[in-house]
Amino acid sequence: MHVLVLGGTTEARRLAELLVEVVPAGALTSSLAGRVAGPRLPPGEVRIGGFGGADGLAAWLRTHQVDALIDATHPFAGTISFNAAAAAAAAHVPLLAVRRPGWVPGEGDDWHPAGSLAEAAAALPALGRRVFLTTGRMGLAAFAGLDELWFLMRSVDAPEAPYPARMEVLLDRGPFTLDGERELICRHRIDVVVTKDSGGAATAPKLAAAREARIPVVVVRRPPVPQGIPVVEGPEAAVAWLRAHILHGS
């Protein structure tokens, strides 16, 4: 028995914590992309770095005799999900996707959906002048030409150019609190928030704080995902799937 978890998320770490109590010792490997310095490592074996595309992942599955592949990557890490689907099919390994639900606007929210970071950037001049940018350090080039706007950019690691000329960087890692997000929006006089629809509770307080402050939020929609893959919303359901289909036979 060997389970490979494609991780790097809160759900993936929690899944690893559950699986080390379920699978035999040494039978769990978590794979991290390596894009974050000093990642929080899950229990069990950990590998860091890419596989070399779908073919490389398929070869890894065969070489390491993987019995189940679980894709618990970030909702915006779209490429790896398609590679996982292709690799699992090629290596004849069962694949499960763990996908946290997206956020849903509620009463009082002023959300502006965008199909990409470029669309989000194009919408900003009409919405505000002081931007709380929470889309991570990748893709900042989309906002680099907005010289008339000021940005507070929050990410785990420091960004690399190109990025907006008028930008303050806040290095921080969630989970965040509602009180903290309220204070941040007030202190920096934020009048518009930009976020990806990452879902989950860890970074959701900014949405409640924006609602209370009556400021707009530009929400970048999730990229497409492979179709026809079984999906669960959380780690506990993934363990139940593994018990039913792998550990005890389908």
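Start at 1 with the first residue, then count along the sequence.
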**OP:** Work out which heavy atom in Ala84 is nearest to a heavy atom in Leu57; give both atom names and the distance.
**Re:** CA-CD2, 3.7 Å
Subject >> Pair Trp150-His188, side chain to side chain contact (heavy atoms under 4.5 Å, CB included): steps then yes or no >> reply: CA-CA 10 Å; Trp150 180 89; His188 293 280; 3.7 Å; yes
**OP:** Check whether more than 12 heavy atoms from other residues, nucleotides or ligands sit under 6.0 Å from atom CD of Glu160, and answer yes or no.
**Re:** no
**OP:** Determine whether Phe143 and Tyr163 make a side-chain contact, defined as any pair of heavy atoms from C-beta on separated by less than 4.5 Å.
**Re:** no
**OP:** Kindly give the heavy-atom pair with the smallest separation between Ala16 and Leu28, and that separation in Å.
**Re:** O-CD2, 3.7 Å
Original post:
Run the side chain to side chain contact (heavy atoms under 4.5 Å, CB included) check on Val217 and Asp110 step by step: do they pass?
Top reply: CA-CA 6 Å; Val217 180; Asp110 181 15; over 6 Å; no
Original post:
Yes or no on side chain to side chain contact (heavy atoms under 4.5 Å, CB included) for Val46 and Thr29, after CA distance, side-chain angles and deciding distance?
Top reply: CA-CA 6 Å; Val46 178; Thr29 302; over 6 Å; no
**OP:** Could you label the plane-to-plane angle of the His2 and Trp60 rings as parallel, tilted or perpendicular, counting under 30° as parallel and over 60° as perpendicular?
**Re:** tilted
Subject >> Pairing of Glu236 and Arg14 as salt bridge, 4.0 angstrom limit >> reply: yes
Original post:
Same cluster for Leu207 and Val192 if Ile/Leu/Val/Met/Phe/Trp/Tyr side chains link at under 4.5 Å?
Top reply: no
**OP:** Evaluate the side chain to side chain contact (heavy atoms under 4.5 Å, CB included) criterion for residues Val239 and Leu19: first the C-alpha distance (whole Å), next the side-chain angles of each, then the deciding distance (0.1 Å), finally the verdict.
**Re:** CA-CA 7 Å; Val239 173; Leu19 286 180; 4.0 Å; yes
**OP:** Run the numbers on Glu212 and Arg182 for salt bridge (Lys or Arg N to Asp or Glu O under 4.0 Å), then give the verdict.
**Re:** CA-CA 8 Å; Glu212 291 180 359; Arg182 284 170 177 153; 2.7 Å; yes
Original post:
Out of Lys196, Arg154, Lys206, which one pairs with Thr134 under the side chain to side chain donor-acceptor pair (under 3.5 Å) rule?
Top reply: Lys206
**OP:** Please check if Leu117 and Val131 belong to a single hydrophobic cluster, counting links between Ile, Leu, Val, Met, Phe, Trp and Tyr side chain heavy atoms closer than 4.5 Å.
**Re:** yes
Original post:
Has Arg214 got more than 12 heavy atoms of other residues, nucleotides or ligands less than 6.0 Å from its CZ?
Top reply: no
**OP:** Determine the minimum heavy-atom distance between Asp191 and Pro216, stating which atoms define it.
**Re:** O-CD, 3.3 Å
**OP:** Would you indicate whether the side-chain heavy atoms of Phe82 and Pro223 approach each other to under 4.5 Å?
**Re:** no
Subject >> Minimum-distance pair of heavy atoms, taken over all atoms of Arg100 and Gly200 >> reply: CD-N, 3.7 Å
Original post:
Side chains of Phe132 and Leu184: closer than 4.5 Å at any heavy-atom pair?
Top reply: yes
**OP:** Look at atom CD of Glu45 and say whether more than 12 heavy atoms of other residues, nucleotides or ligands are closer to it than 6.0 Å.
**Re:** no
Subject >> Asp179 and Thr177: CA distance, side-chain angles, deciding distance, side chain to side chain donor-acceptor pair (under 3.5 Å) verdict >> reply: CA-CA 5 Å; Asp179 285 344; Thr177 67; 5.8 Å; no
Original post:
Looking at Trp103 and Ser198, what are the two nearest heavy atoms and their distance?
Top reply: CZ3-N, 3.7 Å
Original post:
Quick one: does Glu17's side chain get under 4.5 Å of Pro42's, heavy atoms only?
Top reply: no
**OP:** Identify the two heavy atoms, one from Arg222 and one from Phe76, that lie closest to each other, and give their separation to 0.1 Å.
**Re:** CA-CZ, 3.7 Å
